[in-house]
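Only this structure's heavy atoms are used, side chains among them; waters, hydrogens and symmetry mates stay out.
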Amino acid sequence: NAAVYDEEKVYRQCGFFLEQVSGMVKVRQVRAGSPADLAGIRENDILMTLGGELLEWLLYREILNKFLNTIPQVNISLFRVTSLSPVSRGLLSKLGFPYFFWGLTCALEYQGMTIRKIVSGYSAAKAGLRKGDIIITVHGIPVQFVPPVKVYQLMMGNRKALHMSIERYVSFWKELK
């Protein structure tokens, strides 16, 4: 089957298997050490664009062809939903509040609230968040045009878990074998 062959070729070159679910292109599996893995792509990420083109309107076969026929550098945007656990109270005094409550800091930039720093070993890093990720929602509430102080209030509103979605722009080189 040609589609299976193309899926395997995308896996060899990029390091992930994809699936199309309700029009969304979802990462099904990421090979450890692959270009996709090193770029921070994770299982269940939703791929939004490839080379600036929206993927949601394309057939699965067309999406695979786009990955195979793109230049060796792959440029995609992805969407991720994640939940974070708070830092322990003992570490809060050491790291500062609310600056590192979740192991991250943010700043308002032209795209919206953008992650500026991730503290290694804390929940934000464990969730695979990275500097430059754009926060889209906090506890299901869109935050793109919300003042930073209100976003921090939303983040602190539920201290048991932080539910958020992010957008990330990723660029990596395919393995051409």
Query raised in the report: Just checking, any donor-acceptor pair under 3.5 angstrom between side chains of S171 and Q73?
Result: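 Yes, Q73 and S171 have a side-chain donor paired with an acceptor closer than 3.5 Å.
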Query raised in the report: Without hydrogens or angle criteria, can the side chains of Q13 and Y11 be said to hold a donor-acceptor pair below 3.5 Å?
Result: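 Result is no, nothing qualifies.
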Query raised in the report: Is there any salt bridge (charged side-chain N to carboxylate O under 4.0 Å, His left out) pair reaching into residues 128-155, and which pairs are they, with sequence neighbours excluded?
Result: D133-R168
Query raised in the report: If you look only at pairs with a residue in residues 51-65, which of them pass as a salt bridge (charged side-chain N to carboxylate O under 4.0 Å, His left out), with sequence neighbours excluded?
Result: D6-R61, E53-K66
Measuring only between side-chain heavy atoms, which start at C-beta, is [X] closer than 4.5 Å to [Y]?
X: S165; Y: R80; result: no
X: S77; Y: Y169; result: yes
X: I63; Y: L50; result: no

Query - Sequence neighbours excluded - ring pair (Phe, Tyr, Trp, His ring centres under 6.0 Å) pairs with any residue from residues 123-142 - result: H139-H163
Report summary line: In short, ring pair (Phe, Tyr, Trp, His ring centres under 6.0 Å) pairs touching residues 42-71 with sequence neighbours left out are F16-F67
Query raised in the report: Does any N or O in the side chain of Y152 come within less than 3.5 Å of the main-chain N or O of C106, such that one atom is a donor and the other an acceptor?
Result: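 Side chain of Y152 to backbone of C106: a pair is present.
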Query raised in the report: Mind checking what makes side chain to side chain contact (heavy atoms under 4.5 Å, CB included) contact with E19, not counting sequence neighbours?
Result: V21, K26, R28
**Report entry** side chain to side chain contact (heavy atoms under 4.5 Å, CB included) against S120, all qualifying residues, sequence neighbours excluded
**Finding:** none
**Report entry** Pair L104-K117, side-chain contact (heavy atoms from CB on, under 4.5 Å): steps then yes or no
**Finding:** CA-CA 5 Å; L104 59 85; K117 184 172 183 176; over 6 Å; no
